[in-house]
Amino acid sequence: MNTASPIAETARLEAATETLAEYIGYLNCEIDTEQEKVEPNPERITALERELDIILGERRALTPSNRDIINRALYVYAPMLKPMHV
């Protein structure tokens with residue numbers, strides 16, 4: 001049963017959208033940094049690119065009714081990104 005107000009649901013969607021966008025930026029930066037190394041680690045690049053593909057897919061699939069993606073963004077990805085804001 002969903003008892004949250006429409007304003008709360010919109011806020012959750014916006015927060016999830018921003019979190020996914022930040023995570024996409026982080027992954028792109030990590031890929032670029034690895035590729036620029038004198039001896040890049042191809043396994044790390046592949047792993048980062050796979051993660052990026054997953055997150056890009058989630059971003060494209062994000063809708064107000066897709067609670068799984070919203071919750072993953074808020075409860076899994078956001079805590080991983082939080083230390084970058086300290």
Side-chain angles (χ1 to χ4, degrees):
M1 181 168 120
N2 187 359
T3 60
S5 73
I7 293 171
E9 290 300 317
T10 300
R12 285 175 43 83
L13 176 64
E14 288 178 8
T17 301
E18 291 174 11
T19 298
L20 290 171
E22 184 175 350
Y23 194 29
I24 288 166
Y26 167 78
L27 291 168
N28 276 315
C29 184
E30 288 295 305
I31 291 166
D32 290 345
T33 300
E34 190 64 39
Q35 289 173 335
E36 292 172 1
K37 290 182 177 178
V38 175
E39 293 185 31
N41 180 339
E43 291 178 351
R44 183 167 192 263
I45 292 169
T46 299
L48 289 166
E49 287 173 340
R50 285 185 183 150
E51 181 72 0
L52 180 58
D53 286 343
I54 291 168
I55 303 308
L56 287 170
E58 288 182 348
R59 176 59 192 95
R60 285 194 270 317
L62 186 62
T63 63
S65 62
N66 197 326
R67 298 186 60 79
D68 287 342
I69 295 174
I70 292 171
N71 287 335
R72 198 166 27 261
L74 297 178
Y75 303 125
V76 177
Y77 306 142
M80 291 185 330
L81 297 169
K82 187 174 182 178
M84 292 189 298
H85 296 280
V86 177

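We use all heavy atoms of the structure for the numbers below, so side chains are in, but hydrogens, waters and symmetry mates are not. Quick note: residue numbers are just sequence positions, from 1.
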From [atom1] ([X]) to [atom2] ([Y]), nearest 0.5 Å:
X: L27; Y: D53; atom1: CG; atom2: CG; answer: 10.0 Å
X: Y26; Y: L81; atom1: OH; atom2: CG; answer: 8.0 Å
X: R72; Y: I54; atom1: CZ; atom2: CD1; answer: 9.5 Å

Worksheet item: Could you go step by step and tell me if E9 and R67 meet the salt bridge (Lys or Arg N to Asp or Glu O under 4.0 Å) rule?
Response: CA-CA 10 Å; E9 290 300 317; R67 298 186 60 79; 3.0 Å; yes
Worksheet item: Distance-only, no hydrogens or angles: does the E34 side chain make a donor-acceptor pair with backbone N or O of N41 under 3.5 Å?
Response: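 It does hold such a pair.
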Worksheet item: Hey, does the side chain of N28 reach the backbone of I24 with a donor-acceptor pair shorter than 3.5 angstrom?
Response: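 Confirmed, N28 side chain pairs with I24 backbone.
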Practice prompt. Side-chain contact test, heavy atoms from C-beta onward, threshold under 4.5 Å: evaluate it for T17 versus R59 and give yes or no.
Written response: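 T17 reaches R59 side chain to side chain.
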Worksheet entry | Validation row: R12, N71 side chains within 4.5 angstrom (heavy atoms) |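 When only atoms from C-beta onward are counted, N71 and R12 do touch, with a gap below 4.5 Å.
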Compare every heavy atom of [Y] with every heavy atom of [X], then report the nearest pair and how far apart it is.
X: I69; Y: A61; answer: CD1-CB, 3.8 Å
X: P79; Y: V76; answer: CD-O, 3.4 Å
X: P64; Y: I70; answer: O-CD1, 3.8 Å

Fill in: Polar contact flag, side-chain donor to acceptor under 3.5 angstrom, Y77-E22
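Side chains of Y77 and E22: no pair found under 3.5 Å.
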Worksheet item: Any salt bridge between R44 and E49, counting N to O under 4.0 Å?
Response: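 No.
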Item to complete: Find out if a path of hydrophobic residues (ILVMFWY) with successive side-chain heavy-atom gaps under 4.5 Å connects L13 to I7.
Response: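 No; tracing contacts between hydrophobic side chains, which count when under 4.5 Å, never links both residues.
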